[in-house]
Amino acid sequence: MTISAENLWLIPALPLLAAGIGALTPRTGRGLAAGAAIGAMALSFIVSCSALCTALANPAAHLVFNFSWFDLGTSTLRLGFLLDPLTAFMCVMVTFVGSLIFIFSLGYMKEDANFKQFFCFLSLFAAAMLGLLVANSLLLLFICWELVGLASYLLIGFWFHKPAAAAAAKKAFITTRIGDLGLLLGLLWLYHSTGTSLFFDDGQGCLESGVITTLAGQTVAGGLVLSTAIGLLIFCGAVGKSGQFPLHVWLPDAMEGPTPVSALIHAATMVAAGVFLVARVYPLMEADKLLAAVPVHALTVVAFIGAITALMGALIACAQNDIKRILAFSTVSQLGYMMLALGVGSWTAAIFHLLTHAFFKALLFLGAGSVIHAAHHEQDIRSLGGLKGKMKITFVTFAIGMMALSGVPFFFSGFWSKEAILHAAHEWDVSSLPLYAGLCAVVLTAFYMTRLVAETFFGKARSSNASHAHENSAVMTMPLVILAVCTVLLSLVGTTACPWLQARLAGTELHSSLSHLTEGIGLMLLSIVLVGAGLGTGWFLYGRKLRLTAEANDPLTVAAPAVMAALANRLGFDELYAATVGRLNSAIATIADLVDRVILDGAIRLLAGLGEMTGLVNRSVDEDGLNGGFDTVSESLRGTGLRYSHAQTGRPQGYLRTIAVAFTVLVLLFLIGGAR
């Protein structure tokens, strides 16, 4: 079964329809809202699988369907849908993982009073993300990009009665808007320079070779070529959405939302959007790679931002105690790995890691949600413990996700995708720093995940909530099992010996051989040793001698209290931004308030006074002068007329008497005048 690009709209339209049904369903219609959401995602998954079959039939092709949206003067604004392996794999992943998260939510949110609204928001989120994936237009992608931001705001702040959740939602929305401003400027500049926002359009699209060559041949301020400037602006949007340094601060706070939201945002959808965006516009980002004279290359910036983020996220995760925050900073670190891969020139390795990460990180977040739900919403790993025997399914599946994230060889997908990134960084001839940052993050990832598992599942329960924990129902554990199986099976599609997924993404021939395993074997062995060192150190500090009470000192805190305090405080980025950007914003707001109240309001009051004075003068001249004089004359004429009207009796006798008297007077005057 195949599907054409013309029908790709069905993939986001089905969840959007479910969101509409959920919005119109009364609060008591819990079953209808949840059923519509899960059913729509399942149907979208089927359509996505059909799209994948179509894309794999000719992986090198870009199947498009473009259409006119509206006319603007003499030009027509066009949008479109794009079907290629990148789109298809992403759609399959989002719909499959999203369906499992939706099913898990049935159990996790069953007691919530706003159950119906939750599934409505989930469907809206999924529809926006899927619309972003199928877009063949940067404008359509941007529209869906902003809808993702809106839906994330609704979901992160879903428990709006909690001040922390409301603050986290605002923080996520505002922080990502900063990056989105750069994306919008890049979009407008690209449209101005090319006359189109379509990616592919019979050789005229903005990602096609002729247009890219033109952009790379134009120089702007500072010696940057036009393609680099636009690419860096677009990358700003990816920095915000994918939680890259320095806009990473919103992502850990997003943990205030329900755990299924954390799994959806941090695994399969929102944070993946930034990586997908850079991969989608990769021809634009790499257009300057052969130009030696440019001051900075776009992909170099991407690589170093990714390396900093990968190392920073791993370091901070080592000092966190909230189970969800540890996984959140892990997500920051893993997204840094993906950006690192994009920057060093291997977008296929980045997407491979994105896909594997979606499965094992969704597994870990849902596993954390299972723990939190069973332990009566206890999230501090210091207060957990002893859950291995109480929650066997959750423990085994969580351990699989932990080993995949840590890069344990050879049966876990995370190992192969991370190795692909490290090998790409090793072959990058610009700098070795991203490779070193990635290797350091390998050790730290294995360490903090071992700490997380040891503190949560081993030893004895260290709180009443943990002591009363029990395994959850099948509606919550079955998604964990399915994700764990997929985490293992995905290791078969992207090994060094048989990189099937990477070949399909790039549209190239598959060259599989066991001899490929020996290429870069030294780096692979080093990576395995580092993973072992992280696991061993974590177990030595936290597994060998288990915590007895929640208040017991952390071994690392005892050894390096200042360092751990800084890491626990997330390196003070929030305080730094509050002291700089926050104060600058407050100062600007204060100045704007003064300008508004003193200058603008003063000017308005002055104009109002002038207007009032003019009105008084006008009233004096008009009413006292013109109207007064006119009224005086009118009264005089009225009095005269009134007196004259008394003579108008209407009686002929009176008129005759008046005429006779007048005639007599005239005769007398005539006679007197004649006698003289």
Between [atom1] on residue [X] and [atom2] on residue [Y], distance to nearest 0.5 Å:
X    : Y    : atom1 : atom2 : answer
L132 : L147 : CG    : CG    : 10.0 Å
F352 : L501 : CZ    : CG    : 6.0 Å
I3   : L52  : CD1   : CG    : 12.0 Å
L122 : Q117 : CG    : CD    : 12.0 Å
H297 : S227 : NE2   : OG    : 10.5 Å
I326 : M255 : CD1   : CE    : 12.0 Å

Test item: [X] side-chain N/O and [Y] main-chain N/O as donor-acceptor pair under 3.5 Å:
X    : Y    : answer
T54  : S50  : yes
S44  : I11  : yes
S197 : Y191 : no
T331 : L327 : yes
W145 : A273 : no
Q502 : A420 : no
E208 : G205 : yes
Q244 : S242 : yes
H423 : E419 : yes
S333 : F329 : no

Considering all heavy atoms, the nearest [X]-[Y] contact:
X    : Y    : result
L444 : L315 : CD1-CD2, 3.6 Å
G243 : W250 : CA-NE1, 4.1 Å
G149 : F173 : O-CD1, 3.8 Å
K241 : G274 : CB-N, 4.3 Å
F102 : M41  : CE2-CG, 3.3 Å
G507 : P59  : CA-CB, 3.8 Å

How are the rings of H357 and H353 set relative to one another: parallel (under 30°), tilted (30 to 60°) or perpendicular (over 60°)? tilted
Parallel under 30°, tilted from 30 to 60°, perpendicular over 60°: which one fits the rings of F158 and F118?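 Aromatic pair F158/F118 classed perpendicular.
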Is it true that [X] and [Y] make a salt bridge, defined as a side-chain N closer than 4.0 Å to a carboxylate O?
X    : Y    : result
E256 : R325 : yes
K170 : D253 : no
D84  : R504 : no
E575 : R570 : no

Tell me, do [X] and [Y] make a side-chain contact under 4.5 Å, heavy atoms counted?
X    : Y    : result
T269 : V148 : no
F359 : S413 : no
F89  : I351 : no
L284 : I234 : yes
V430 : V344 : no
N7   : F81  : no
T95  : L130 : yes
F235 : I305 : yes

For F125 and M270: C-alpha separation, side-chain torsions, deciding distance, then whether side chain to side chain contact (heavy atoms under 4.5 Å, CB included) applies. CA-CA 9 Å; F125 191 102; M270 181 175 177; 3.5 Å; yes
Whether over 12 other heavy atoms sit under 6.0 Å from [X] [atom1]:
X    : atom1 : answer
Y436 : OH    : no
D593 : CG    : yes
F200 : CZ    : yes
R177 : CZ    : yes

Any side-chain donor paired with an acceptor under 3.5 Å for T228 and D288?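 Yes, because at least one side-chain N or O of T228 sits under 3.5 Å from a partner of the opposite role on D288.
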T356 versus S417, side-chain donor and acceptor atoms under 3.5 Å: yes
For a side chain to side chain contact (heavy atoms under 4.5 Å, CB included) check, start with the C-alpha distance between V332 and T309, then their side-chain angles and the critical distance, and finish with the verdict. CA-CA 7 Å; V332 171; T309 306; 3.5 Å; yes
Could you check whether R280 makes a cation-pi contact with Y282, meaning its NZ or CZ is under 6.0 Å from the centre of the six-membered ring and within 45° of the ring axis?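 Not satisfied by the 6.0 Å and 45° rule.
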Does the Lys NZ or Arg CZ of K418 fall within the cation-pi geometry relative to Y337 - under 6.0 Å from the ring centre and within 45° of the axis? yes
Evaluation steps, side chain to side chain contact (heavy atoms under 4.5 Å, CB included), between L141 and L133: CA-CA 7 Å; L141 186 149; L133 296 177; over 6 Å; no
Applying side chain to side chain contact (heavy atoms under 4.5 Å, CB included), run through K171 and D574 and close with a yes or a no. CA-CA 11 Å; K171 186 176 183 180; D574 289 280; 2.3 Å; yes
Testing I421, L405, V275 for side chain to side chain contact (heavy atoms under 4.5 Å, CB included) with Q334, which one passes?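 Exactly one pass, corresponding to L405.
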Within the 6.0 Å centroid threshold, strictly below: H248 and F573: yes
